[in-house]
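What follows is a single structure, written as structure tokens, with notes after it.
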2 protein chains.
Amino acid sequence: MVPAASFSMRVSSKAHYGLRMMTEFTRGYGKGPMSIAEVARVEHLPVAYLEQLAAQLRRGGLIESTRGVHGGYALTRPPEQISVLDVVRIVEGEVSPVECVAHDYVSGSCIREGECASRGLWLRLKESIDTVLSQTTLGDLLADHALIDSMAPGTPA
Amino acid sequence: MVPAASFSMRVSSKAHYGLRMMTEFTRGYGKGPMSIAEVARVEHLPVAYLEQLAAQLRRGGLIESTRGVHGGYALTRPPEQISVLDVVRIVEGEVSPVECVAHDYVSGSCIREGECASRGLWLRLKESIDTVLSQTTLGDLLADHALIDSMAPGTPA
DNA sequence: AGAAATCCCGACTGACATAGTCAGGATTAT
DNA sequence: ATAATCCTGACTATGTCAGTCGGGATTTCT
């Protein structure tokens, strides 16, 4: 890995991997459960790590599991009804640039409340992020992907 | 500190403090340099830490320093010409949710380029964040703050 | 019944980033 | 000269992240 100049407002690899796994489940939607092993194989991700993420996503109600030999996971709802925000919230927690605009923020926790010049900014930022992430569904991601596949390779950016 | 349910897409305290320091410099704009000691006092932040941030902001060209007894820092441009994004970029680096949409991304670094379903999403997210942060200036922050001050306290949220 | 495939769970770990501290040097006003 | 200020680099403690590991539970297939 290249050191890579640090950047901010990242999503963790948890969210990233989680989303990739969910797009695989989307691809297999309606065809019975898909195993972690298969996801790991096609996405080149570590099995044990995916297992953890899958457990979270299941507890969060986005996927359901079937145990045993032909078991695996499947989306509990159609891909058009699951947003990227749903996924990110489950594996990373609420999206919020600072504590004082999180949903569970207890009014008064920040001593500077009232003299704070930037809370409005953080609120706008949070809303803006939430909007982008909630407007994109797993269905959209797969549709975009199909579009890319159908284009000739080497198309200039 | 309360454990606080983890959340994602955070800005670091570096960015947070840096911005608070910059709003102090904004308040003092046109009245000669303001010392780190004073910023630390009114914002209740550690002097030594602010010194580091100030050094970065100076190297980034947003503030200029005067040494010696009545020294301190002052904005190099009017507050209306400095955006929050300028500040965040200097102390935290570029804003980008994932590596592959960062400005200095070398095409081909990600093996999954071409089969990636979510790059479009991350691009939209990055743009959205950049927009919010670049549209708000230090001048705006202070104006909002003045507005809050003029309201009666105890106003329900 | 037994083997194999799968989910399930909690504990563990190494590397790195964050949020600072600290000691001391350089510059300037009084 | 002294004091206030900026300036720098090294240091450190804590926490998070990304991932591993060992073993258990459930189901299907033969």
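In what follows, every chain begins at residue 1, and chains take the letters A, B, ... in the order their sequences are listed.
Taking every side-chain heavy atom of Q52(B) into account, dT21(C) is the closest of dG19(D), dT5(D), dT21(C). For R58(B), the listed nucleotide lying nearest its side chain is dC7(D); candidates were dT5(D), dC7(D), dC22(C). Closest to the side chain of Y73(A), from the set dA4(C), dC7(D), dC8(C), is dC8(C). Comparing dC6(D), dC9(C), dT21(C) by their closest approach to the side chain of P46(B) singles out dT21(C). Considering only side-chain atoms of K14(B), the nucleotide from dG20(C), dC8(C), dA19(C) that sits closest is dA19(C). Of the candidate nucleotides dT26(D), dA19(C), dG19(D), dT26(D) has the atom lying nearest to any side-chain atom of R67(A). Of the candidates dC7(C), dG25(C), dT18(C), dT18(C) carries the atom nearest the R10(A) side chain, counting heavy atoms from C-beta on.
Between Y17(A) and Y49(A), the two ring planes are perpendicular [angle over 60°; tilted spans 30° to 60°].
Rounding to whole angstrom units, CD of residue E38(A) and C1' of dA5(C) are separated by 14 Å. Residue L57(B) contributes atom CG, which lies 14 Å from atom C1' of dC7(D) at whole-angstrom precision.
For E51(A) and V69(B), each mapped to the nucleotide of DNA chain C holding its nearest heavy atom, the one lying further toward the 5' end belongs to E51(A).
Taking 4.0 angstrom as the limit, S13(A) places a side-chain polar atom (N or O) nearer than this to OP1 or OP2 of dA18(D). Here H70(B) reaches the OP1 or OP2 of dT30(C): one of its side-chain N or O atoms lies under 4.0 Å away. At dG19(D), one or more side-chain N or O atoms of Y17(A) fall inside 4.0 Å of OP1 or OP2 (strictly under the cut-off).
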